[in-house]
Amino acid sequence: MLQATAAPSPLTNPAFSQTYFAAYRWMLLARLLEEKIASLYRGGKITGGVFLGRGQEALSVAVGLALRAGDVFAPLIRDQAGRLAFGESLLDCTRTYMGSRLGPMRGRDGNVHRGRPREGMFAMISHLGAMIPAVAGALLARRFRGITGTVGATCLGDGATSTGAFHEGLNMAAVEKLPLVLVVANNQYAYSTPNARQFACADLVDKAAGYGVTGHRLDATDLETCLRVLHKAVADARDGGGPQLVVASLLRLAGHGEHDDSHYIDERLRESRLGLDCLKVAEQRLLAEGWADAAALRGVEINAQRQIDEAVATTLREAAPDPNEEDWCALATRHLSEASHAE
Amino acid sequence: MITYLEAIREAQARALADDPRVYIYGQDVGSFGGAFKATKNLAQEFPGRVLDAPISEDAMVGSAIGAAIEGMRPIIEMQFADFSTVGFNQIVNHAATLHWRTNVPCPITIRLPSGGTAGAGPFHSQSMEALYAHYPGLIVMTPATVEDAYSMLLDAVAIDDPVIFCEHKYLYYHLKAEALPTEAMPTGKARIARAGRDATIVTYSAMLHESLACAEELALEGWEIEVIDLRTIKPLDTDTVLASVARTGRLLAVGEAFPWGGVTAEVVARVATEGFGLLDAPPMRLNAKDTPVPYHPNLWGTHRPTAKTISARMRDLLRLLGKDEG
């Protein structure tokens, strides 16, 4: 029976500096991978949208690292770092973006809409908040099956807190006291809509009290804060503390997607603390603490770039989906599929 | 004697007893036994497996999807079919796409207490089957008999895809059978409920009984009307429909849902496109009126098709192109 194993805390020294450095490596890998994805998009190798997590890597990686094998993770659009830390391969990313038939979505879905649900990585649908009840249901199933000690986490943005699914999912998880960690990346804008047009409460974390769940607030430009808060939230959920609402403040350092120049972002926000680049902040900390030197950081970058080049080169050689070989059957119960009566 | 509603309750009891992966989630389904008592005593008989849900249809369906990924076989009870619109997004965008997108099946059953009853009004009377049938990835069942209510619900739970189970509230207490069935037709096959030679009525759910009453009435005038019960509207058993029209040359499709598009339009479209040469007269449809479902019994009884209005439409069809009365 599935059960996550207990591990010693990675957040006390001497392990902490290693945890921090490991997190930085995932963040950098995610940043460079996404930069490559963006350039492939501009070069016409990717059809559809490209959505970058620039500025959100510290928060995202902290979620991925706080989870263990056997947990459930439903990432959202800016969670490349968390996906990698949770165990997603680079090929799952490149193959889905480029529509390779060998990817997990086989060209049937693209970009950030990818996952391996049976391995605990749910594949988001575009409708915001919708993954919250799904993760809650997975946790409910584990309770039925007698599986203990696992956690489910899902990420969303400030905009998703306005949906009915957010309310229904969080409320239901609270009623059932499920080990759900709900991570809200408040990056100040939902596409172009600022917080002031999205919600009227003073702070999104105030919503936690209304649902009877624990709230956590953090500055997501600082990696250490992200690691500590997410570690605590996940541990508390795992220990029977019920749902945890984590609200992180940051600024999206990119457009909503690569098609968007984000001209609407207030210049004062860019110049505020929120506008700091979490990757640069982490890099400066590593150097300042002596946890890594410039040569080590250069080595991390070269290694990351090599992995990315390899994944992209592999994917570029793979066949695109062939409509003549596509099976065009939406059902698992194949004999109940309607033949092409009216196509 | 066992009613249609009791058959639904018994099917759920058996599913719970036979398969530890099955659980029931819905509003008031627990110790209260459900708004219609379709889960009466099940919470007591199967402790911890019949759970009251908050009034959150999105969360009910969304959680069923997550549980199905984890290997469970949830049965979700919508208190009324009408309220499934609140869970519509999870049904059509999440459950229906899951297997196609990720190769992971989504075996969930969503029970929709459907259709009109006198006095129920616009928000407790709707027939939603056509909406769900429109979406790839869903199976839509519309049982019209006690036997089908039982055996098709068991099938729904066993099927590896999301099944929208449209059970008709009007039949809950009216319809009775001697006993639960021991064998059943396979899912996806329509049934010839009454054999005939002059015209075919294709229908489903509660309209089967109005259509059979029509056939009975017209039999007194010498007409032999064949009545087909579709049983599932998706998949739609086009072969059985075409074979019937080949015998009779005339088609009337009858449904209780709103007229625009829908099951009757689909039946007519398939017969017109795949069996045009079999027709001796233009195919016809009869549906509810294109207004919300009215509250007052006088209005409601006129809004939906009845044996009387089906017979009138059928007489029109039989008069067309020279089939004289009698």
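On a predicted model such as this, the values are computed, not experimentally measured, just so you know. Within every chain, numbering begins at 1; the chains are lettered A, B, ... in the order of the sequence lines, protein sequences first and strands thereafter.
P105(B) and R118(A) make their closest contact through CD-NH2, 3.9 Å (heavy atoms, listed as atom of the first residue, atom of the second, distance). Across every non-hydrogen atom of E176(A) and D52(B), the tightest pair is OE2-O, 4.3 Å.
The main-chain N or O of W100(B) is found under 3.5 Å from a side-chain atom of R108(A) such that the two form a donor-acceptor pair. Listed for the D160(B) side chain is no donor-acceptor partner under 3.5 Å among the backbone atoms of A332(A). Using modelled atom types, one side-chain atom of E168(A) and one backbone atom of D58(B) make a donor-acceptor pair closer than 3.5 Å. Side-chain N or O atoms of R101(B) include none that pairs as donor or acceptor with a backbone N or O of R114(A) at under 3.5 Å. When atom types are taken as modelled, the side chain of Q90(B) and the backbone of A130(A) share a donor-acceptor pair closer than 3.5 angstrom.
For T187(B), the parts sitting under 4.5 Å from any heavy atom of chain A are the backbone and the side chain alike. P117(A) touches chain B through backbone and side chain together, each having a heavy atom under 4.5 Å away. With a 4.5 Å cut-off on non-hydrogen atoms, R106(A) touches chain B through its side chain but not through its backbone. Heavy-atom distances place the side chain of L51(B), and not its backbone, under 4.5 Å from chain A. In this structure, the portions of L336(A) lying under 4.5 Å from any heavy atom of chain B include both its backbone and its side chain. Interface remark: V61(B) contributes no atoms to any contact with chain A (heavy atom separation under 4.5 Å). Interface remark: M121(A) contributes no atoms to any contact with chain B (heavy atom separation under 4.5 Å). In this structure, chain B has heavy atoms under 4.5 Å from both the backbone and the side chain of H113(A). Contact of P136(B) with chain A is made through backbone and side chain together, with heavy-atom distances under 4.5 Å.
With rounding to the nearest 0.5 Å, the separation of CZ in R49(B) from CZ in F144(A) is 8.0 Å. For the atom pair CG (N103(B)) and CZ (R116(A)), the distance works out to 10.5 Å, reported to the nearest 0.5 Å. How far NZ of K234(B) is from OG of S337(A): 8.5 Å, rounded to the nearest 0.5 Å. Summarising the geometry, atom CG belonging to L178(A) is positioned 9.0 Å from atom OG belonging to S63(B); distances are rounded to the nearest 0.5 Å. Separation of atoms CE (M172(A)) and CE (M60(B)) is listed at 10.0 Å; rounding is to 0.5 Å. Taken from CG in L170(A) to OG in S56(B), the straight-line distance is 10.5 Å, to the nearest 0.5 Å.
Among I159(B), N89(B), L138(B), the residue with the largest count of heavy-atom pairs under 4.5 Å with chain A is N89(B). Most heavy-atom pairs under 4.5 Å with chain B: of the set P104(A), A134(A), A141(A), this distinction falls to A134(A). Counting heavy-atom pairs closer than 4.5 Å to chain B, the top residue among V135(A), T333(A), L140(A), D109(A) is T333(A). Of the listed residues A67(B), G71(B), G48(B), A64(B), the one with more heavy-atom pairs under 4.5 angstrom with chain A than any other is A67(B). For chain A, the option among V86(B), I55(B), I139(B) with the highest count of heavy-atom pairs below 4.5 Å is I139(B). If you tally non-hydrogen atom pairs under 4.5 Å between each of G66(B), A53(B), P54(B) and chain A, the highest count goes to G66(B).
A salt bridge links R270(B) to E338(A): at least one charged side-chain nitrogen sits closer than 4.0 Å to a carboxylate oxygen.
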Practice task
Show the numbers, then the answer: is there a side-chain contact (heavy atoms from CB on, under 4.5 Å) between M72(B) and R145(A)?
Solution key: CA-CA 9 Å; M72(B) 302 297 286; R145(A) 295 169 63 201; 3.8 Å; yes
Exercise for the section: Carefully, step by step, assess T102(B) and F122(A) under the rule side-chain contact (heavy atoms from CB on, under 4.5 Å). Expected result: CA-CA 9 Å; T102(B) 69; F122(A) 284 12; over 6 Å; no
